[in-house]
Amino acid sequence: QPTVFFRREALFAGGLLDETLHWGLDWELWIRLAKRHPLSYTDRVLAASRIYGDTKTATGGWRRLRELAAILSRHGVPWHSPAMISHAIITLVRKRCDNAELITPAVMTNSVPGPFRRPAAPMLAMAERQLRRWLQNVQGVWSDGMVGRAGSLWLPCDGRSGYLKVRGKNLGIAGQMITVQVDGRTATTGRLDSEARFTLELEASAGSIPVKVRLRCACTLRVAPLDPRLGPRQAGFLLEQVELVTP
């Protein structure tokens, strides 16, 4: 929380903190703000946080997870979302590792009884790497704009009708076809030349908050990984702009 800045008008328009919540009241507020307003990210270090044994995050356990699942359900997100799965795994591992501040394969290995540590070490390292790889790929849209076979985005919206504008660039795939879907409406490119740019526009209905966008492409090729430890990615096009235009 200490690094977040937002306008007072946005806070009062979206509603204040839900004080019936105990563990996820800040997270629930960020979800409500993000459904209506765009967010910006800075990689500057603005604050430091310390996790210790008596924090709510460290002691909430499964009760905290149940509250987070209820928050997701309130906003139409299934309980088995990537955020919920990662929270559950982190909670389980943290309890096993005596609420360690930093969870690493080495820390997890040290929590295994002595005789089993040596065989467990490579399995735990592989499990941690596979989880990170899954979390990297699950949305299908990466921070560098690359889009896999299927990707999804949620765009903030104030409830007014408008149109969605998507611009991108096909990768080196001759005959590529790209599809965008929003509110049950679909727009598809013709067959694209290698490295060709495209623009798709389609109507977005009023009342859909946030606007859910699905991106698909017919073919993919291997592209450089974001993190070399997680292996290569499969992508079909580069997303250059996605914008919800309202009157």
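From a predicted model like this one, the values you see are computed outputs, not experimental measurements.
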**Q** Looking at every non-hydrogen atom in both residues, tell me the closest pair between Pro228 and Pro225 and how far apart they are.
**A** CA-CG, 3.9 Å

**Q** For the backbone of Gly24 and the side chain of Glu67, can you confirm whether one donor and one acceptor N or O come within less than 3.5 Å of each other?
**A** yes

**Q** Taking Leu17 as the starting point, is it possible to reach Phe6 by hopping between hydrophobic residues whose side chains are less than 4.5 Å apart?
**A** yes

**Q** Would you please name every residue forming a side chain to side chain donor-acceptor pair (under 3.5 Å) with Thr179, sequence neighbours left out?
**A** Thr188

**Q** For Leu46, which residues count as a side-chain contact (heavy atoms from CB on, under 4.5 Å) partner, sequence neighbours excluded?
**A** Thr3, Thr42, Arg44

**Q** Residues in side chain to side chain donor-acceptor pair (under 3.5 Å) with Arg229, at least two apart?
**A** Asp227

**Q** Please round to the nearest 0.5 Å and tell me the distance separating atom CG of Asp158 and atom OG1 of Thr246.
**A** 5.0 Å

**Q** For Val245, enumerate each residue passing the side-chain contact (heavy atoms from CB on, under 4.5 Å) test, keeping only those at least two apart in sequence or located in another chain.
**A** Tyr163, Glu243

**Q** Can you name the side chain to side chain donor-acceptor pair (under 3.5 Å) partners of Thr220, sequence neighbours left out?
**A** Gln234

**Q** Could you report the tightest heavy-atom contact between Gly236 and Gln176, atom names first, then the distance?
**A** O-NE2, 3.2 Å

**Q** Output the distance between atom CD (Glu201) and atom CD (Glu203), rounded to the nearest 0.5 Å.
**A** 12.0 Å

**Q** Can you list the other members of the hydrophobic cluster that holds Leu230, where links are side-chain heavy atoms under 4.5 angstrom apart?
**A** none

**Q** Would you indicate whether Arg64, at its atom CZ, is surrounded by more than 12 heavy atoms from other residues, nucleotides or ligands within a distance under 6.0 Å?
**A** yes

**Q** Rounded to the nearest 0.5 Å, what separates atom CD in Gln136 from atom CZ in Arg133?
**A** 8.0 Å

**Q** How close do Lys35 and Pro210 get, heavy atom to heavy atom, and via which atoms?
**A** CE-CD, 3.5 Å

**Q** Please name the pair of heavy atoms, one in Pro156 and one in Ala34, separated by the smallest distance, quoted to 0.1 Å.
**A** CB-O, 3.3 Å

**Q** So, using ring pair (Phe, Tyr, Trp, His ring centres under 6.0 Å) as the criterion, who are the partners of Trp154 when residues are at least two apart?
**A** none

**Q** Strictly distance-based, threshold 3.5 Å: is any side-chain N or O of Gln241 a donor or acceptor partner for the main-chain N or O of Lys165?
**A** no

**Q** List the steps, then state whether side-chain contact (heavy atoms from CB on, under 4.5 Å) holds for His37 with Arg7.
**A** CA-CA 10 Å; His37 306 283; Arg7 292 185 180 274; over 6 Å; no

**Q** Tell me the closest heavy-atom pair linking Gly172 and Ser194, and the distance in Å.
**A** CA-OG, 3.1 Å

**Q** Please name all residues satisfying side chain to side chain donor-acceptor pair (under 3.5 Å) with Arg185, sequence neighbours left out, ordered by chain then number.
**A** Ser205

**Q** Mind checking the CG-CG spacing from Leu39 to Leu33? Nearest 0.5 Å is all I need.
**A** 7.5 Å

**Q** Decide if atom CG of Asp193 counts as having more than 12 heavy atoms of other residues, nucleotides or ligands within a radius under 6.0 Å.
**A** no

**Q** Look up atom CG in Leu16 and atom CG in Leu25, then write down how far apart they are to the nearest 0.5 Å.
**A** 11.5 Å

**Q** Considering only residues two or more places apart or on different chains, which pairs with a residue in residues 109-131 satisfy salt bridge (Lys or Arg N to Asp or Glu O under 4.0 Å)?
**A** Glu128-Arg132

**Q** Checking one residue: Leu239. Which other hydrophobic residues are in its cluster under the side-chain 4.5 Å linking rule?
**A** Val141, Val147, Leu153, Leu155, Leu164, Val166, Ile178, Val180, Val182, Leu192, Phe198, Leu200, Leu202, Val211, Val213, Leu215, Phe237, Val242, Leu244

**Q** Got a sec, which residues hit side-chain contact (heavy atoms from CB on, under 4.5 Å) with Ser152, two or more places apart in sequence or on another chain?
**A** Gln139, Arg214

**Q** With side-chain contact (heavy atoms from CB on, under 4.5 Å) as the test, would you mind laying out the steps for Met146 and Leu171 before giving the verdict?
**A** CA-CA 9 Å; Met146 291 291 181; Leu171 300 183; 4.1 Å; yes

**Q** Would you say Val138 ends up clustered with Trp142 if hydrophobic residues are merged whenever their side chains have heavy atoms under 4.5 Å apart, either directly or through other cluster members?
**A** no

**Q** Determine whether Arg216 and Gln181 satisfy the following criterion, side-chain contact (heavy atoms from CB on, under 4.5 Å), listing intermediate values before the conclusion.
**A** CA-CA 9 Å; Arg216 293 187 178 274; Gln181 184 179 49; 5.9 Å; no

**Q** Is there side-chain contact between Val77 and Ile31, with heavy atoms separated by less than 4.5 Å?
**A** no

**Q** Do Leu135 and Met126 sit in one hydrophobic cluster, given that two such residues count as connected whenever their side-chain heavy atoms are within less than 4.5 Å of each other, even indirectly?
**A** no

**Q** Among pairs that include at least one residue of residues 19-29, which meet side-chain hydrogen bond (donor to acceptor under 3.5 Å, both in side chains), considering only residues two or more places apart or in two chains?
**A** Gln1-Asp26, Asp18-Thr20, Glu28-Arg32, Glu28-Arg74, Glu28-His75

**Q** Going from SG on Cys157 to CZ on Arg36, what distance comes out if it is rounded to the nearest 0.5 angstrom?
**A** 8.5 Å

**Q** Applying side-chain contact (heavy atoms from CB on, under 4.5 Å) to Leu72 and His87, what does each step give before you reach the verdict?
**A** CA-CA 12 Å; Leu72 291 177; His87 272 304; over 6 Å; no

